[in-house]
Amino acid sequence: MNVLVFADSHDGMIAKSAFEAVTYGSKIAKDSGGSAAVLTYGTISSDSLNELASYGITNVLHCSQLTDMDPQQLARLLAAASGDQQSELIVFSHDYTGKSVAPISAARLNAGIVSGAIDYPETSAGFTVKKAVFSGKAFAQVKINSDVKVVSLLPNSVGKTKTEGTANVTEFNPDCGAPSVVVKEQKSKGGEGISLTEADLVVSAGRGLKGPENWGMIEELATELGAATACSRPVADIGWRPHHEHVGQTGIAIRPNLYIAVGISGAIQHLAGVNGSKVIVVVNTDPEAPFFKAADYGIVGDAFVVVPKLIEAVKALKIAQG
Ligand SMILES: Cc1cc2nc3c(=O)[nH]c(=O)nc-3n(C[C@H](O)[C@H](O)[C@H](O)COP(=O)(O)OP(=O)(O)OC[C@H]3O[C@@H](n4cnc5c(N)ncnc54)[C@H](O)[C@@H]3O)c2cc1C
């Protein structure tokens, strides 16, 4: 099966989440005796393009003429590349770009689509993909019957696997039509730290912190760990933290390797956005807090006592490790 992986980029680099989609696509191609190619766009450093070779990709199509995230143009680019590569499967990361471009591409290619896949497809009888449904409370196995298939992969589902190799990077600039949107200005939302959606580690806090003035220790713990910060919805609603940190059903859904929840009750709407995390650590004064049921590790204790101790422990570990 020939596979085409769409790899988004940020600030001249292939996006971190794209390498997992590339791992996914290249394994499916290899297992089925097909070839895997990557399509990317924008101004990207050659080092970053060549890094794709370490994830089993030999053929990289680079469209340098498009620089803005215009879903319509990208879907046309994708259709041209999939024709060029005779792709039977198109893989996206289920991130902002993937969520908007994958459905348009599927419609353009007359392809069946599974959004938010969490595992490799079962191919013994057709092509069936597993995805989480009902906010992660259940799973669905979805069979795609169309000749061309589109899958967007939920980040942190299969991990990234490096291999050896060299990439053949080709400029690919087909006619993508006139832009349907023009990005006039891009501004950072203010978060200078690690991007929440790409973070491996996340430190999150809720109303148990009592007020915005107490977030210093959460930020310090995140900085020591190299983690992003997040928060519960009410904390963002009352303005203690910026809205882009709000995780949950109505906020961002994340799947980091480690999610530390401090002073968050663990309401179902919050869990909906974080229950895909590999390891969940909960700090809460209330032993009956619902979050403990979803936790891998729980500390029943006061955040104002526990978090400073965690910071000291991380600092001591870093010193011990040199
Ligand atoms: C339609 C809908 C959508 C929603 N979407 C979201 C969403 O996307 N994301 C989201 O987060 N919520 C969402 N909510 C709100 C959700 O139901 C909860 O109300 C919210 O998650 C609770 O936030 P919290 O845990 O910070 O606050 P609280 O429920 O007030 O919990 C605070 C917790 O802190 C603990 N605590 C108190 N003091 C300390 C201390 N000193 N040390 C340690 N722990 C302490 C308490 O025991 C408690 O468990 C949604 C609700 C609705 C109705």
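When a ligand or atom number is given, it counts from 1 through the structure's own listing order.
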[X]/[Y] ion pair, N-O < 4.0 Å:
{"X": "Glu220", "Y": "Lys315", "answer": "yes"}
{"X": "Glu20", "Y": "Arg255", "answer": "no"}
{"X": "Asp200", "Y": "Lys16", "answer": "yes"}
{"X": "Lys99", "Y": "Asp95", "answer": "no"}
{"X": "Lys318", "Y": "Glu224", "answer": "yes"}

Please confirm whether [X] approaches ligand 1 to less than 4.0 Å, judged on its heavy atoms.
{"X": "Val247", "value": "yes"}
{"X": "Cys231", "value": "no"}
{"X": "Gly273", "value": "no"}

Considering only protein heavy atoms, which is closest to [atom], and at what distance to one decimal place?
{"atom": "atom 23 (O) of ligand 1", "value": "Pro234 CG, 3.2 Å"}
{"atom": "atom 3 (C) of ligand 1", "value": "Arg233 NH1, 3.3 Å"}
{"atom": "atom 24 (P) of ligand 1", "value": "Ser232 OG, 3.7 Å"}
{"atom": "atom 35 (C) of ligand 1", "value": "Asn284 OD1, 3.3 Å"}
{"atom": "atom 14 (N) of ligand 1", "value": "Gln269 CB, 3.6 Å"}
{"atom": "atom 5 (N) of ligand 1", "value": "Thr250 OG1, 2.7 Å"}
{"atom": "atom 45 (C) of ligand 1", "value": "Thr285 OG1, 3.3 Å"}
{"atom": "atom 25 (O) of ligand 1", "value": "Ser265 N, 2.7 Å"}

| task | Using distance alone, with no hydrogens and no angle criterion, decide if Ser180 and Asp70 have a side-chain donor and acceptor under 3.5 Å apart. | result | yes
Pair Thr128, Gln141: side-chain N/O donor-acceptor within cut-off below 3.5 Å: no
Checklist line | atom 42 (N) of ligand 1 touched by protein heavy atom at under 4.0 Å | finding: yes
Can you list the ligand 1 atoms lying under 4.0 Å from a non-hydrogen atom of [X]?
{"X": "Gly251", "value": "8 (O)"}
{"X": "Ala267", "value": "16 (C), 17 (O), 18 (C), 21 (O)"}
{"X": "Gly301", "value": "42 (N), 43 (C)"}
{"X": "Gly206", "value": "26 (O)"}
{"X": "Gln249", "value": "7 (C), 8 (O)"}
{"X": "His270", "value": "9 (N), 10 (C), 11 (O), 21 (O)"}

task: Examine distances only and state if a side-chain atom of Asn59 and a backbone atom of Val169 form a donor-acceptor pair shorter than 3.5 Å.
output: no
**Asked** Does Asn257 use its side chain to pair, donor to acceptor, with the backbone of Lys278 at less than 3.5 Å?
**Response** no
The reported gap from OH in Tyr24 to CG in Leu153 (rounded to nearest 0.5 angstrom) is 6.0 Å
Parallel, tilted or perpendicular, as decided by the 30° and 60° cut-offs, for the rings of Phe291 and His270 | perpendicular
**Asked** Got an N/O contact under 3.5 Å between Gly263 and ligand 1?
**Response** yes
